[in-house]
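Down below is the structure, laid out as structure tokens.
In what follows, chains carry the letters A, B, and so on, assigned in the order in which the sequence lines appear, proteins first and then strands, with residues in each chain numbered from 1.
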Amino acid sequence: MLVELGIITTVLALVLAWYAVLAGLYGAQTRRDRWVLSARNAALLTWPLLTVASLALIISQINGDFQIEYVWSTTERAADLFFKITALWGGQAGSLLFWSWLMSTFAAGALILNWRSERRLMPYVIVFSMATLGFFLILNVLVESPFARFWQTANGEVVTAVFQPVGTFPAIPQDGRGLNPLLRHPGMVIHPPTLYLGYVGMVIPWAFAMAALASGELSTSWIRATRRWTLVAWLFLSLGLILGGRWAYDVLGWGGYWGWDPVENAALLPWLTGTAFLHSVMIQEKKGMLKVWNMALVIISFILVILGTFSTRSGIVSSVHSFAQSPIGPPMFVFLALASVVSIGLWLYRWQRGELASEHHLEGWLSRESLFILNNMVFMAITVAVFWGSYAPIFTELFIGEKITLGPPYFNSVTAPLFGALFILMGLAPLSAWGHTSLSRMGRAMLWPFLAAVGLVAILLIFGMRDVGALLAFGLAGFAGFVTLYEIWRGVKARAQREAWAVAAWKLFGRNRRRYGGYLIHLGVVVIGIGVIGSTIFQQETQRTLAEGQSLTLGRYTMIYDRLERAQATDGRVMTIANVEVYDGSQLVAVLRPRQDFFPNAQDMNTMTIAGSYSTIENDFYVLLVAWEEISQASATFKVYLNPLVNLVWWGGLLLMLGTAVAAWPDQDRQRQRVTRRIEAGEHGSPART
Amino acid sequence: MTQTSTTWEKSQAEPTLASHGSRRRFLIGGVAILAAIGFLIVNGTLSNAQYFITVDELLTRSELAGQTIRISGAVIGDTIRYDSDTLTIRFTMANIPEETDNLALTLHEAVSDPNASRINVVVENEPMPDLLQNEAQAILTGRLSPDGTFYADELLLKCPTRYEEALPSQVEESSAG
């Protein structure tokens with residue numbers, strides 16, 4: 001019953017999505033509003049349908065209907081309810097359905113929220129968002145159905161099919177295979193959906209951009225809608241990247257959070273181009289420049305999103321994510337090619353007609369515009385470098401017949417100077433003015449932050465840091481951070497003449513959400529940067545086999561191995577847990593329980609190494625249980641890392657989220673907003689001009 | 001068309017500093033930056049490129065000895081040894097002749113083929129990876145030492161699941177019972 005319901009609703013959603021594409025196109029071409037409205041209703045209807053389909057699958061998972069191949073492969077009787085539900089995205093077919101559901105959610109959101117304000121773009125927004133949804137639903141229905149079931153033929157053979165083949169009867173396994181152990185972690189439960197939200201979210205700005213290109217409605221209205229939706233997608237993409245890092249740190253046992261894995265990179269790429277867009281879009285809003293370029297950035301981001309989905313799932317790159325492989329590679333590639341051709345074609349068409357021409361030229365070489373253009377060049381440089389590094393084996397095999405790979409040293413050596421350049425720009429741009437700034441004004445504006453950064457480097461030198469790269473990196477990050485703090489302080493101070501400090505700060509942020517939300521994001525990035533610099537350059541590691549009562553020392557911490565214990569969890573996993581005491585000097589600060597989980601029922605990936613770590617703001621003492629004496633259990637081997645400042649990566653991430661939420665918060669009253677913004681501008685003006 | 005002409009007028013009416021000279025300056029600056037970025041990427045590629053080859057190629061191409069390279073092969077389960085005192089992993093891996101769509105089957109055949117070329121692998125200072133098991137695909141970065149052993153600094157493992165997972169084993173039981 002549930003299965004049939006799921007199949008019927010998915011197929012109906014598929015039909016409606018393609019109907020919406022056709023009706024929307026027809027309505028837009030012939031200017032018949034009735035067709036556009038009909039297309040909208042069809043598009044909106046996909047949401048309840050896919051909600052029912054997803055619920056049907058979730059309920060089957062909870063009930064343990066193991067005749068469904070997907071339920072069998074991702075759940076088992078003993079699993080917790082929580083993991084039975086989240087198994088929706090624990091495998092290929094289910095996560096495709098989940099992807100489609102999110103896509104229809106976003107599309108419905110855009111259609112409802114922007115219907116009135118962006119009315120003229122809407123027919124094509126329906127067309128492009130529904131074409132994307134329609135494509136994913138084709139995969140769902142024809143290639144990887146989450147509702148495919150097991151059937152047994154007369155001669156005992158078991159086959160998989162959506163509908164009962166003639167002469168077979170249902171084959172029902174007694175228990176499921178269970179979710180991939182690596183995915184049984186809270187971080188892994190949230191990481192995929194947030195990344196999907198980021199990926200799917202990027203489809204909406206693209207749909208608006210394509211609508212603008214297709215309709216020729218290239219005034220500022222598409223950019224307004226696109227900017228906000230990009231910000232939403234960007235928020236989830238950032239969150240997904242950070243949670244993915246956290247998951248790798250907790251579960252993969254690398255001792256790190258980022259490994260330049262091709263699939264990680266695939267998620268980073270649209271983040272980079274999205275960030276570039278969020279900056280350069282400001283120039284278009286202020287000056288009417290860079291129209292061609294902004295359009296290109298939206299298209300590139302979308303293509304990178306689809307490419308990321310494609311490379312994660314097709315297994316064309318070697319990666320820690322290769323468990324997500326499946327036969328959907330070829331059809332995804334076709335979609336990627338089609339979407340690219342249509343996007344680039346429309347873009348070129350409007351470009352050569354001169355409809356994307358700039359309204360202004362660059363004026364001074366030192367101006368907000370030119371610094372933003374530099375920022376875009378650096379972001380694109382990182383994008384190209386990461387793209388090339390990730391896909392080098394494929395390109396080199398194609399063109400020189402030899403597979404060449406580029407490892408983490410390549411990424412570190414190429415991106416480090418570029419990230420450094422970004423920190424410099426992050427420090428300079430907020431101090432510059434639109435149009436033109438003179439060098440001496442700029443110098444005066446940056447005097448205090450610059451001196452503070454120099455002071456920071458001096459302090460680090462006094463405390464004995466001699467690594468030139470680290471000093472430079474901390475100095476640059478510090479400069480960007482001090483500029484941001486300085487700018488916020490100036491804003492608050494200007495208001496505080498009339499109001500209490502807290503009120504002044506609250507109103508300042510509330511009334512200039514974009515600007516001060518942006519500053520919070522900058523601060524978040526600086527904090528993350530400091531965490532990355534510290535944990536990359538100053539990471540220490542050691543490994544030892546310890547008998548009970550023996551100890552090892554790393555940094556100022558001493559670890560004593562106490563004993564080993566065994567335990568079994570409700571989901572059947574056997575845990576081997578080492579109890580270790582961590583001393584800071586002579587004081588006991590933590591009892592850690594690094595462990596290894598063994599999953600007797602899982603067919604592959606049946607062990608999982610979970611680190612124990614003692615965290616302070618200063619560093620993480622991170623312990624992995626590597627091996628133990630099976631019989632006597634008297635000794636165990638540990639790999640121990642000291643990761644300085646690593647927690648700043650997570651704290652900076654939170655700050656970045658907060659800033660994005662401030663910047664993306666919907667305006668309640670646009671009119672009043674504009675007036676106050678003008679007053680604000682009059683009060684303390686463009687910083688460098690005061 | 002009307003839209004374009006208005007934009008054109010606007011940009012002409014605007015008093016700009018973008019005279020011939022300054023535009024050339026922007027151009028030169030832009031080209032210089034692009035050149036620097038290009039240099040960074042090319043230089044990074046040249047100094048960090050690693051050949052990605054099979055066991056067969058490693059054994060036949062003597063010019064690659066001593067270079068840091070990446071190889072791929074099929075892990076032979078019986079040969080896996082782990083010394084937990086020194087954190088040293090040792091195993092033997094077989095050549096994968098050609099990657100096909102069914103990676104699991106390819107790996108299975110590679111491991112069972114007695115004539116496939118094989119190589120001993122040593123990975124030092126690594127915890128025992130969760131995925132190191134029979135018929136896994138191992139991707140190693142390291143060097144071939146003169147004694148014929150491959151010393152790897154990095155070990156990446158892939159475990160295809162389709163082959164064994166295609167059908168649930170308990171089905172027969174349930175239908176029989």
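- Heavy atoms of other residues, nucleotides or ligands lying less than 6.0 angstrom from CH2 of Trp351(A) number 12 at most.
- In this structure, chain B has a heavy atom under 4.5 Å from the side chain of Leu374(A), while its backbone stays farther away.
- Side-chain atoms of Leu34(B) and Met377(A), non-hydrogen and from C-beta on, do get closer than 4.5 Å to each other.
- With rounding to the nearest 0.5 angstrom, the CD atom of Glu402(A) is 5.0 Å from the OH atom of Tyr51(B).
- With a 4.5 angstrom heavy-atom cutoff, Ile33(B) touches chain A only via side-chain atoms.
- The number of heavy atoms from other shown groups lying within 6.0 Å of CZ (Arg350(A)) is above 12.
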| request: Begin with the C-alpha distance, continue with both residues' side-chain angles, and end with the deciding distance and a verdict on side-chain contact (heavy atoms from CB on, under 4.5 Å) for Val626(A) and Tyr82(B). | output: CA-CA 11 Å; Val626(A) 175; Tyr82(B) 187 60; 3.0 Å; yes

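- At a 4.5 Å heavy-atom cutoff, Pro170(A) makes no contact with chain B through either its backbone or its side chain.
- Here NZ of Lys403(A) is found 12.0 Å from CD1 of Ile53(B). Values are rounded to the nearest 0.5 Å.
- Among the candidates Thr405(A), Ile404(A), Thr396(A), the single residue satisfying the side-chain contact (heavy atoms from CB on, under 4.5 Å) test with Phe52(B) is Thr405(A).
- Across Val414(A) and Gly44(B), no two heavy atoms sit closer than the pair CG2-CA, 3.8 Å.
- Rounded to the nearest 0.5 Å, atoms CZ (Phe387(A)) and CD1 (Ile41(B)) are 12.0 Å apart.
- When heavy atoms are compared at a cutoff of 4.5 Å, Thr45(B) approaches chain A by way of both its backbone and its side chain.
- Contacts of Leu40(B) with chain A are made by both backbone and side-chain atoms, with heavy-atom separations under 4.5 Å.
- Note that the CD atom of Gln50(B) and the CG atom of Leu406(A) stand 7.5 Å from one another [nearest 0.5 Å].
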